[in-house]
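So you know, we letter chains A, B, ... as the sequences are listed, proteins then strands, and number each from 1.
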Amino acid sequence: MAYGEKVLDHYEHPRNVGTLDKSDPNVGTGLVGAPACGDVMRLQLRIDDDGIVQEAKFKTFGCGSAIASSSLVTEWVKGKNIEAAGQITNTDIARELALPPVKIHCSVLAEDAIKAAIADWKKKQLGKLDEKQTQAQSEQSLAEAVR
Amino acid sequence: MPLKLPIYMDYHATSPLDPRVLEAMLPYFTEAFGNAASRSHVFGWKAEEAVERSREIIGGLIGASGKEIVFTSGATESDNLAIKGAAQFYREKGDHIITERTEHKAVLDSCKRLEREGFRVTYLNVDKEGRVDPADVERAITDKTILVSIMFANNEIGTIQPIREIGAITRKRGVLFHVDAVQGLGKIPFNVDECNVDLASLTAHKMSGPKGVGALYVRRRPRVRLAAMIDGGGHERGMRSGTLNVPAIVGFARACELAQASMVGEAARVGQLRDRLEAGLTKRLDHVFLNGCKAHRLPGNSNLSFAFVEGEGLMMAIKDVAVSSGSACTSASLEPSYVLRAVGVDEEMAHTSIRFGLGRFTTEEEVDYVIDHVVEKVNRLRELSPLYEMAKEGIDLKSIQWAAH
């Protein structure tokens with residue numbers, strides 16, 4: 001199979017390869033796919049309190065199109081707020097990379113990776129919120145006890 | 001001499017035509033262009049003479065007489081003719097066929113079609129090395145069995161089947177024995193009499209002959225009969241009509257002569273190169289696994305899994321080397337290799353497999369270049385692989401709940 005120019009470019013020079021600290025509360029990690037299916041993508045996003053993606057890193061086990069799809073989305077999501085990032089669809093990715101029909105699943109996986117990373121970040125934010133609430137409650141009850 | 005890139009290491013798919021074969025073929029395109037079936041003039045006689053001489057040479061490579069060689073367009077046609085032709089001819093005698101799971105699709109799909117037509121087919125399992133147990137063949141034979149079809153050597157993992165042992169059983173039980181001999185032919189000895197083979201599929205292009213020509217060996221004593229698949233002028237004793245491809249047949253015969261003359265030395269040389277490749281790769285990379293069988297294997301075959309690196313992604317990276325992969329991404333089906341699955345390689349490892357095929361024109365310089373190239377690219381892709389990172393952190397990848405997609 002011949003590969004498109006953009007696939008080759010991302011494959012030869014993948015953007016934003018790497019790892020962010022997954023325990024960081026501002027980092028959302030999306031791990032999608034399965035080794036048995038031949039593709040696993042891990043996308044990590046560092047998102048600030050305003051919901052803007054500050055940093056994106058990926059690692060991918062898969063074919064050239066899977067690597068290119070994940071590399072491409074790290075470029076696309078950077079600087080976007082999470083609403084806009086979450087709206088990136090597999091069709092956008094497939095069109096940009098000119099993926100043939102048998103490789104569409106690679107773009108689907110990349111879309112899933114963005115959604116999974118954002119969902120993970122949101123879960124962590126809720127956790128932070130819970131912590132704040134618990135802290136506030138305990139302060140309140142302490143105050144009541146003192147009174 | 002500088003190394004010529006890309007390097008061809010896909011000899012199981014096809015092999016480069018030997019210049020000596022081409023030389024033998026050329027006159028039969030031009031001055032000796034006659035139709036071998038033309039009985040009325042010298043053009044036809046010359047072509048016929050060349051065909052008959054070729055038949056003897058090709059038969060000679062497998063211990064058969066030229067009269068037992070039926071020319072076809074290639075091994076796919078030979079497999080179809082052997083299996084469907086025998087099934088149709090011996091239908092009155094029985095409706096049961098035995099084969100095994102790692103056969104070529106030309107055999108498996110022929111059997112599947114016969115199943116749709118009411119035949120029953122037993123697909124034997126193979127062991128972890130890809131070998132059929134002859135005792136399983138014996139157990140599977142019933143009084144309704146008409147044919148056993150087992151390949152000589154596998155095209156993906158190179159496993160050589162115990163053909164001689166199976167042939168002894170089929171002969172004793174009076175069942176026809178078909179062997180798809182494509183991958184081993186001309187590389188390791190194969191004799192139809194010693195192995196009691198009744199039908200054997202042969203092809204030229206895997207042994208540095210031309211594409212588009214093959215043959216089916218059809219035993220004469222005891223006589224094996226087949227229903228024809230292609231009707232017409234009654235060529236090839238009525239078993240395969242159609243004007244013979246004379247230049248290709250001459251090339252096929254020349255390829256057989258060359259293979260026979262150099263077989264022992266070549267098997268040793270190619271085997272040493274293959275061992276050098278495997279030793280070089282496994283010494284410099286961890287998590288490399290051999291798929292199939294170390295002992296009973298074609299000398300030019302090496303099927304390796306590079307854990308944590310997907311096969312198609314790796315092939316794209318090692319673009320200086322032409323190889324193939326059992327990864328699903330290389331096929332339209334999205335399923336990884338059925339051969340690797342049949343020998344118990346799990347799906348994730350099947351996705352990381354690369355098949356190296358070495359042959360007549362492979363050199364030591366090429367092997368050394370390939371080792372360096374593959375090591376570099378596997379390392380690069382592992383740096384990109386979340387699985388490799390997780391494995392290094394000590395995470396058991398099997399403990400993770402992966403979402404199927």
Does the pair [X]/[Y] count as a salt bridge with the N-to-O cut at 4.0 Å?
X: B:Arg297; Y: B:Glu129; result: no
X: B:Lys398; Y: B:Asp346; result: yes
X: B:Asp286; Y: B:Arg382; result: yes

Which of the residues [options] is involved in the greatest number of heavy-atom pairs with chain B at under 4.5 angstrom?
options: A:Thr60, A:Val17, A:Leu31; result: A:Thr60
options: A:Gly64, A:Ser70, A:Pro35; result: A:Pro35
options: A:Lys59, A:Glu12, A:Met41; result: A:Lys59

Would you say the ring centroid of B:Phe308 lies under 6.0 angstrom from that of B:His287? yes
Against chain B, label A:Val40 side chain, backbone, both or neither, depending on which of its atoms sit under 4.5 Å from a heavy atom there. both
Region of A:Pro101 that comes under 4.5 Å of a non-hydrogen atom in chain B: neither
What is the minimum heavy-atom distance between B:Ser325 and B:Met315, and which atoms define it? CB-CE, 3.6 Å
What is the minimum heavy-atom distance between B:Thr99 and B:Cys111, and which atoms define it? CG2-SG, 4.0 Å
Going by the rule salt bridge (Lys or Arg N to Asp or Glu O under 4.0 Å), which residues pair with A:Asp9 if we only count those two or more places apart in sequence or in a different chain? A:Arg15
Could you tell me whether the side chains of B:His12 and B:Asn301 share a donor-acceptor contact shorter than 3.5 Å? yes
Is it true that the NZ or CZ of B:Arg284 lies under 6.0 Å from the centre of B:Phe306's six-membered ring and within 45 degrees of the ring axis? no
Side chain, backbone, both or neither: which part of B:Glu389 has an atom under 4.5 Å from a heavy atom of chain A? side chain
Contact residues of residues 366-378 of chain B (partner chain A; heavy-atom separation under 4.5 angstrom): none
Pick whichever of B:Leu397, B:Leu387, B:Ile400, B:Val309 has the most heavy-atom pairs under 4.5 Å with chain A. B:Leu387
